[in-house]
Novice: 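Right, I'll just put the structure down here and ask away after.
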Amino acid sequence: MASSYNAKEEDGHVAVPGGGTIQNKKPDNTAFKQQRLPAWQPILTAGTVLPAFFVIGLIFIPIGIGLYVTSNNIKEFEIDYTGTDMSSPCFNCSQSFSWNSTRPCTCALPFSLEQPFESNVFMYYGLSNFYQNHRRYVKSRDDSQLNGDTTSLMNPSKECEPYARNEKMPIAPCGAIANSMFNDTLDLYYIDPNGTRIQIPLMKKGIAWWTDKHVKFRNPGGNPNLTSAFQGTTKPINWRKPVYELDTDAENNGFINEDFIVWMRTAALPTFRKLYRIIQKKNNMTPTLPRGNYTLEVTYNYPVRSFEGRKRVILSTISWMGGKNPFLGIAYITVGSVCFFLGVVLLIIHHKYGSRNNTADIPN
Amino acid sequence: MDNCPPVRSSPSRPEHQYVERFWKEARVGDFIRLRCNEILPADVLLLSSSDPDRLVHIETATLDGETNLKQRQVVRSFLDLDCDFDPSKYNSIIECEKPNNDLARFRGYITHRSGRRDGLYKDNLLLRGCTIRNTEECVGIVIYAGHETKAMLNNNGPRYKRSKLERQMNVDVGWCVIILLAMCLFSAIGHGLWMYQYGDKRPVFDVLSPEGADLSPVLSAVYLFLTMIIVFQVLIPISLFVSIEIVKICQVYFIHQDQDLYDEETDSHLQCRALNITEDLGQMQYIFSDKTGTLTENKMVFRRCTVAGVEYSHDANARRLAMYQDLVDSEEEDCTSHGGTLPRRDSVTSHQSAAKVVLRSQSTKSHRRTGSRAEAKRASILSKHTAFSSPMEKDITPDPQLLDKVNHCSSQMTFKTFHSQSLSQLPSDLTDIIDFFIALTICNTVVVSSPNQPRQKVRMRFGLKSPVKTIEDFIKRFTPSRLTSNSNSSSSSSLNRSSHRECSSVLSSPSAESTLTKLDEEHHPGGPGGLEHAFSSVPPHTTEGKPGALEEGELRYEAESPDEAALVYAARAYKCCLVGRLPDQVTVELPHLGKLSFELLHTLGFDSTRKRMSVVVRHPLTDQITVYTKGADSVIMDLITLPPTDDSKGRRQRKILYKTQNDLNLYAADGLRTLCIANKVITKEEYAVWLRHHLEAETAIQGREELLFQSALRLETNLHLLGATGIEDRLQDGVPETIASLRKAGLQIWVLTGDKQETAINIAYACKLLEPEDEIITLNADSQEAMAVLLEESLHYIQAKFLCSSSNPSRSFQNDYAPAYSFRPPPPSSQAQPFLVHRLGLVIDGRTLAYALDSSLDEKFLAVARSCRSVLCCRSTPLQKSMVVKLVRNKLKVMTLAIGDGANDVSMIQVADVGVGISGQEGMQAVMASDFALPRFRNLQKLLLVHGHWCYSRLANMILYFFYKNAMFVALIFWYQFYCGFSGSAMIDQWYLVFFNLMFSAFPQLITGTLDKDVSSETLQELPQLYMNGQNSEEYKPYMFWMNMIDAFYQSLVCFFIPYCAYADSEVDLLTWGTPITTLSLFTILIHLGMETKTWTWMNWLSISFSVGLFFTVALCYNASCPTCYSPSNPYWTMQRLLGEPLFYLLCVVTPVAALLPRYFCRACQSSLFPTPVQVGRQLDKLPSDTRRNILSRVQAGSLLSLRPPFLSSLSFTGPFPKDYSHRATSTQNQHSFTRGPAKSPEGRLDLSLQRDETGKAQGKGWGSGSPGDTKRSLEEDDQYTLASTEMDTLPYTKVKEAPQPEAGAGAGAGAGAGAGAGAGAGAGAGAGAGAGAGAGSTAGAGAGAGAGAGAGAGAGAGAGAGAGAGAGAGAGAGAATLLLATPSLATPQSETIHLTLPPAGGSQSAAYRRNYENYDTTPHRPPDHRLLPPTDRPDHAHNQATPTCPKEH
């Protein structure tokens, strides 16, 4: 067959130069049309895939170890302040509180850090069992309104229903996400070895994505006076105060309030944390959070009992790969080890059967 | 068809003119006038013809594929009318049967106003679709029109074809729907429970409906169910259907572009007319092929002949034929190099020029070609007028030796004639030569036409007489005063004009009619003095026609069968030229002698039972009444009379016979169609006696055909052998090779042909469909009951032979079927019982097929047929063809391919799963109905083995991949439902969801689906066994869908949970988490595809990089485009941010690896441990070409390729191996006679069939079959057959006598009568041992006696000689036991003998085939005791005969 194949090729070569006058339907003898494109033909056999397994194993295991170490170097401290427990300081607040309560309830949680937090410390609040990814919840916002569009401000999108209007007044910001915004206030005090409480300064800026803060979210109008800008709208039902009173800082007020922006970025999973504040490193000499005793003062506004939720505060440093999560390192190590193991298995197979394959079988 | 030839009908009576009408306007009762070369628009009853003989010639190529001309006759009552038939005077009533699809039958009668009734027959009916040829004009009345025509009723409507793969795929699409619903239901229930757990405490994130209504858990579950259907609908691979269409179009394009499927002769390449079933090409299991024009070129070429015992090999002719190809090639090369037009080659001198040209330009073409485009064009031009006119057939280079002899002989004759000497003084071999050529020239029904006026017959009436019709006629003609009987002409011709072929004609008029018919003056242009011409040589100048038109080489012969034409052309090459044929005379031009007119007294036409035709002529030179007979060697040889042995002439004759037989064997071995030519001279008295009977027969009312048949038998006896011819029905190029490789590919090939049985078997041998060592089961039955019994018998036989004799069925399969290569295909899953294909051939004729297709028998028929390696259905109608295909397709649930070239194949093509038309040969009808149109049969090999395989494996893999891909993608969202309260939320952006299938993952799979080649084209063709991959649907089995689904779910789990864990309890938002998942699942999917891709061309690389690039480009643009659009999800800047995160990259690396690890590992293990044949083929591809060739040649030589141990490398044909098993139940009285005896037909078969000679002697050996129902006994008998026939193999040739008619038994002697009686008494079996046993065989006790005799003589093989009549009693059982015991001792040496006689290597050689002419000692009337040789004589006899024969054969 091979010989006739060559003959055909020659045919083609003969025909093409002399074929100018021949007007026939003979197909062109091109590699593409004759399906003879040069090709790499990998064959997956034990012998050929063997190197791949070892290479993957050898690359993945070090990466995994590196990731694991990196993750372990991250310091993280978590404190649950939901107050479901009788012993918890926030128990009373959690029991009595509902969205409708007017009087804020405060509680203080003491804790101590065993190790100093050297670099910038990120302070998160964490919610569990909160389905921010619920389909109808995720939709329930009006990005145009949040972008400062005045018509949307007064006529919120239908997506916001049933949180678009309250007593004929458009809600700003409308929608369920905004309505359910986390509104606990968290303060952190360092208890000096002397016993004095030192409030730790918490940065409330820089916690949202830059693009969100500067592109996606805008206050309506260009009016610096937010009160007038939001004239004619009403606050979301669950809110205590209108949107233009979220902060005193004009750069962090209204829709561009970063706590609000962070909240509006709906979490992917029902257990999530959101960045609340950043504790910036003062200098290289002292750790951001020295080891010692601290008190967390919580203004308990946010009810989670209805959905069996938990509220936490997390203090964490971060690395280049984000927060503390040993999983990826473990995953790499596992996959690498499995690859290596399978490589060994294949090696055995190759030794036991591959030789036969190559002699008797490839002939075959 | 395309021109829509106008119909001339006569509605406008006032003008009395025919008017032109469209076909569609033809109505029943219209009168239609048709001219030459017009196509019949309806089924028309022929009322008038311009032909003086009141005949119309039609070409039925569009109906039955036969390109010869057939004669149709004007309705008898209109015979006497003048040429001008006046429709307005027509006032008869026609009654006929309802429209039906039987092309071969038409019954009705016409009632005239006078009250006279005439029968209407098939020969009066012109069928729609046929073409009028050689007839100026004819008029008829429309009997059936439109869809009621027989041609239309034979065509079933087109069928919507859907490929098997798609049907299978649709099942799995259904599963996808079920999975989808299950997932939706699960989610809905989950959502309901999730809602329920919150009770009345409505959490903040559970948003009320826009109206503020609070939904109950149940209601929201219902809503969610609907929502989920929308979310998960990606699982239903809608895009798959689109992608499949795209891939198929690309596949069609590539098939179209394949150079190997391009035919230069016709400048045509494959056409894919159906775009949606390309992949079916890779799954074919049965091929149904037409014969004429599909396997063969339908060009008969005279190759060799033997005259008077001398073989003339016609080497020059053979060389010419071989050179012919090269000539054309070199011509073409010349032409292309010069850029000029093709030099016109005079066809007459082709052989000389051929030689020159070839010498000049040493063509190096290795492959044969049958001609060039130029030739094809020329042929097509010519074929517009005539049926057989290819130069190859016409030009025959005479054998110089024979030519010399002819010249010498004729000059001698001239001399003797001139000197009024008796011709009998000539040496007999010389007269034989002349007689031989005269026989070739006149013993046929060839119509001579002149090319200038192709529509008209050459009418050269040197004298005119109709064939002898009455005794008076005979007396008048043969009285001494005949030379002065000018006045006779009118009276003799006043007799009715009956058919020229009395034998076959149903129409021949009863004698009463002769009074009705009046003299037709038109017939006697040369009436006066006509008789004298008949007895003297006619000088050329007396020719009445235009002399120029009669020049040799310009006459054109149109024959009913191509071999007739070939023989006439052959004779012409020896200057023995047929110049004219009239109903009553044949004019032949002989060298030196000039034109001779033979008075044609009778023509006994060909029929398949007699297998011969004869003409009775009065020899103009000797004035003797001579019978020339031409027929199958098997029948002619038995009719030869030998003079007594003692004188030298007799010895010489015997020697001639012996030599001729050897030559015939040689021809048969070469695959030539053999014909024997014989003659005899009868005295006037003998003739008168015979004529009386014959005329009685002709005038008989009852059983006329039967009587005519008997009459013919009476005449054709005591013949003198002249010689034999070998004609080649040229197979198309590469047909045997193609069939061999298709068969290796596990395809079963059935040939369905309208041709007669002998021709079909001949061709089957020639194209390797039947191997010489194959056994042949012939099924010919006359009734349903006989058929039932036959099938039962055959089944038992097959079971007994192949299941009981070999301990391991698969072993026998291995041996029989795939000895060289042990890729054993598992039996098709649909079949409960394993079916094994044996080295068996099944031959069945059309009538029997009709019984077999009956619903009561079809199961059995299939059971028999599918055990056979090849099946030949002869004489089948178009509808039968399609019924066979339908039966096999529906009952066996296999994939069928039908290939044909004529309109008679259309319905078969439409019914089959894939219909293939051969374009170019016989119109476009088959092509129009087909799914694929090929230029040549041999293209089927590449189409199926390569393109079919590729298309199938590509599509199968692509479909599986599609299912996987969608499932994998959707499952990601499904897992997410567990983390979003089953709310129907998706972490993947909606636009990604939309685009994922449409853009991101679409192109690579299309490229792979279009271009992937699992095995290279070369390997696929060299290892046809790889085709079984597709036959067994190994690329896409039902479980594979589920494996893919499981893999998809696993991969999606990995792709979901690795990011899940990596991002657990972090500040990640919905889309920032979803986008990496999208990305890495895209990577996973693409790498998965990469693993499934077998060949990586630059297009694969490009498409994959394009996909990845496209995804990121789209993502980046989309995420940057608008901060507030795309509500509700807003992915603004997500991708940009992700690209800055190391975590994203880390995820994208680890997840695909983890997801694909199992599949990768399993693939590697599987291909290392259990490589499939295809994988082995791929490995072969990678080897260097010379190593590969080495291995392949080893594979082909029989080394085993599989890892499994070879079952048996040595072919064990050591068991009893009867060469043939042929059943014939040819009893019109439903008396099912069933006797077996061995005989070798010319094809080398050993027939086991009913043996009786014409005197009614039931002679033969074998066993009468018991009652058909008695299985056990039948089984025993089957073993006995084996034994008996094995023994027969070494016996000298014995002849099968067909028991054509029950009448044969009528004149039976005592023994035969007893045999027949026994058969009748036993219900089915008529067993008659030869010799003494035969007579006694009728009694029950004889069974035991014969059995004992067999046992005693077992070692000497005498059992066969003794035979055994199988009684119904217990004695039969005893005899059987004895024989069974004898089997092993006999079997081995005997079968070795068989092997020794087989040709060592030549596969084309037929099996040992010896005809022992000593057997003819006892002819003419074989005495009933001629087999009464003592048993001990037999073996010696056999060896004596066998030994000298063998070296001569090979």
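Numbers restart at 1 for each chain; the letters A, B, ... are given by sequence-line order, proteins then strands.
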Novice: Among A/Lys274, A/Gln132, A/Arg312, A/Lys158, single out the residue with the greatest number of heavy-atom pairs under 4.5 Å to chain B.
Specialist: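 It is A/Arg312.
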Novice: So B/Trp194 and A/His134, do their side chains get closer than 4.5 Å, heavy atoms only?
Specialist: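 Yes, close enough: below the 4.5 Å cut-off.
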Novice: Please step through ring-ring contact (aromatic ring centres under 6.0 Å, His included) for the pair A/Tyr124 and A/Tyr276, ending with a clear verdict.
Specialist: CA-CA 5 Å; A/Tyr124 301 93; A/Tyr276 184 65; over 10 Å; no
Novice: Top residue by heavy-atom pair count (under 4.5 Å) with chain B, among A/Gly323, A/Pro42, A/Ser128, A/Ser180?
Specialist: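 Among A/Gly323, A/Pro42, A/Ser128, A/Ser180, the one with the most close pairs to chain B is A/Pro42.
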Novice: Test A/Trp320 against B/Tyr1145 for ring-ring contact (aromatic ring centres under 6.0 Å, His included), laying out the working first.
Specialist: CA-CA 13 Å; A/Trp320 54 272; B/Tyr1145 299 104; over 10 Å; no
Novice: So which part of A/Leu146 gets closer than 4.5 Å to some heavy atom of chain B, the side chain, the backbone, both or neither?
Specialist: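 For A/Leu146, no heavy atom lies under 4.5 Å from chain B.
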Novice: Where does A/Asn129 contact chain B at under 4.5 Å (heavy atoms): side chain, backbone, both or neither?
Specialist: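 Interface part for A/Asn129: backbone (N, CA, C, O).
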Novice: Tell me which of these, A/Ala52, A/Ala176, A/Pro270, A/Ser316, has more heavy-atom pairs under 4.5 Å with chain B than the rest.
Specialist: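 Of the options given, most contacts go to A/Pro270.
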Novice: Is the CZ atom of B/Phe978 crowded by more than 12 outside heavy atoms at less than 6.0 Å?
Specialist: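 Enclosed.
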Novice: Between B/Lys1094 and chain A, with a heavy-atom cut-off of 4.5 Å, which part of the residue counts as in contact: side chain, backbone, both or neither?
Specialist: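 The backbone, not the side chain.
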Novice: Supply the atom-to-atom distance A/Tyr131 OH to B/Cys980 SG, rounded to the nearest 0.5 angstrom.
Specialist: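 So the OH of A/Tyr131 and the SG of B/Cys980 are separated by 8.5 Å.
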Novice: For B/Phe982, which atoms come within 4.5 Å of any heavy atom of chain A: side chain, backbone, both, or neither?
Specialist: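 Nothing of B/Phe982, per the 4.5 Å heavy-atom cut-off to chain A.
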Novice: Checking the side chain of B/Trp1073 only, and the main-chain atoms of B/Pro1059 only, is there a donor and an acceptor separated by less than 3.5 Å?
Specialist: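 Yes, because the side chain of B/Trp1073 sits within donor-acceptor range (under 3.5 Å) of the backbone of B/Pro1059.
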Novice: With a 4.5 angstrom heavy-atom cut-off, is it the side chain or the backbone of A/Gln145 that approaches chain B, or both, or neither?
Specialist: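 Neither the backbone nor the side chain of A/Gln145 comes within 4.5 Å of chain B.
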Novice: Checking B/Phe1144 against chain A: side chain, backbone, both or neither under 4.5 Å from a heavy atom?
Specialist: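 Contact with chain A is absent: no heavy atom of B/Phe1144 under 4.5 Å.
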Novice: Measure up the B/His256 and B/His269 rings against each other and bin them: parallel (under 30°), tilted (30 to 60°), perpendicular (over 60°).
Specialist: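 Plane angle over 60°, so perpendicular.
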Novice: Can you tell me which portion of B/Ser1016 sits under 4.5 Å from chain A's heavy atoms? Options are side chain, backbone, both or neither.
Specialist: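 Neither part.
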Novice: Tell me, yes or no, whether the heavy-atom count around A/Phe182 atom CZ, taken from other residues, nucleotides or ligands under 6.0 Å, exceeds 12.
Specialist: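 Result for CZ/A/Phe182: enclosed.
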Novice: For chain B, which candidate among A/Leu269, A/Ile56, A/Asp28, A/Thr271 shows the most heavy-atom pairs at distances under 4.5 Å?
Specialist: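 Going by pairs under 4.5 Å, I would pick A/Leu269.
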Novice: Could you go through the ring-ring contact (aromatic ring centres under 6.0 Å, His included) check for B/Trp950 and B/Phe254 one step at a time?
Specialist: CA-CA 11 Å; B/Trp950 281 348; B/Phe254 280 121; 9.1 Å; no
Novice: Go through B/Phe1161, B/Trp1133, B/Trp1098 and name the one with the most non-hydrogen pairs under 4.5 angstrom from chain A.
Specialist: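 Option with the top pair count is B/Phe1161.
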Novice: Given the options A/Met321, A/Arg265, A/Glu161, which has more heavy-atom pairs under 4.5 Å with chain B than any of the others?
Specialist: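 The candidate making the most pairs under 4.5 Å is A/Arg265.
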Novice: Under the 3.5 angstrom rule, does the side chain of B/Thr1093 hit a backbone N or O of B/Trp1096 as a donor-acceptor pair?
Specialist: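 No, B/Thr1093 side chain to B/Trp1096 backbone: no donor-acceptor pair under 3.5 Å.
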Novice: Checking A/Gln35 against chain B: side chain, backbone, both or neither under 4.5 Å from a heavy atom?
Specialist: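 For A/Gln35, backbone and side chain are both near chain B.
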Novice: Identify which of B/Met1091, B/Arg1137, B/Met987 forms the greatest number of heavy-atom pairs closer than 4.5 Å to chain A.
Specialist: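 Heavy-atom pairs under 4.5 Å are most numerous for B/Arg1137.
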Novice: Below 4.5 Å, heavy-atom pairs only: which of B/Val204, B/Asp1065, B/Ile1058 has the largest tally toward chain A?
Specialist: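 Most heavy-atom pairs within the cutoff with chain A belong to B/Asp1065.
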Novice: Select one option (side chain, backbone, both, neither) describing which atoms of B/Leu224 are under 4.5 Å from chain A's heavy atoms.
Specialist: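 It is the side chain, since no backbone atom gets that close.
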Novice: Short question: side chain of A/Ser306, backbone of B/Pro203 - any donor-acceptor pair under 3.5 Å?
Specialist: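 It does not hold such a pair.
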Novice: Select one option (side chain, backbone, both, neither) describing which atoms of A/Val304 are under 4.5 Å from chain B's heavy atoms.
Specialist: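 Interface part for A/Val304: neither.
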Novice: Name the option with the most non-hydrogen atom pairs under 4.5 Å to chain A; the candidates are B/Tyr1060, B/Tyr198, B/Phe205.
Specialist: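 Option with the top pair count is B/Phe205.
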Novice: Heavy atoms only, distances under 4.5 angstrom: which of B/Pro1142, B/Ala1062, B/Pro1123, B/Cys1061 has the most pairs with chain A? Name it, please.
Specialist: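 Result: the option with the highest number of such pairs is B/Cys1061.
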Novice: Of the backbone (N, CA, C, O) and the side chain (C-beta and beyond), which part of A/Leu328 lies under 4.5 Å from a heavy atom of chain B, both, or neither?
Specialist: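 Side chain of A/Leu328 only, per the 4.5 Å heavy-atom cut-off to chain B.
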Novice: Would you find a donor on one side and an acceptor on the other, under 3.5 Å apart, between the side chain of A/Tyr353 and the backbone of A/Ala46?
Specialist: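 Not at all, since once roles are kept as given, no pair shorter than 3.5 Å links the two residues.
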Novice: What about the rings of A/His214 and A/Trp209, do their centers lie closer together than 6.0 Å?
Specialist: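 Ring centres of A/Trp209 and A/His214 not closer than 6.0 Å.
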Novice: Among B/Thr1151, B/Thr1072, B/Asp1181, single out the residue with the greatest number of heavy-atom pairs under 4.5 Å to chain A.
Specialist: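 Ranked by heavy-atom pairs under 4.5 Å with chain A, first place is B/Thr1072.
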Novice: In terms of heavy-atom pairs under 4.5 Å, which option from A/Leu50, A/Ile177, A/Ile43 contacts chain B the most?
Specialist: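 Heavy-atom pairs under 4.5 Å are most numerous for A/Ile43.
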Novice: With a 6.0 Å cut-off on ring centres, are A/Phe53 and B/Tyr1160 close enough?
Specialist: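 Ring centres of B/Tyr1160 and A/Phe53 closer than 6.0 Å.
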Novice: Quick check on A/Phe327 against chain B: is it the side chain, the backbone, both or neither that has a heavy atom closer than 4.5 Å?
Specialist: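 Side chain only.
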Novice: Does A/Ile314 reach the side chain of A/Phe122, with side-chain heavy atoms less than 4.5 Å apart?
Specialist: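 They are not in side-chain contact.
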Novice: Under 4.5 Å from any heavy atom of chain B, what part of A/Leu67 do you find: side chain, backbone, both or neither?
Specialist: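 Side chain only.
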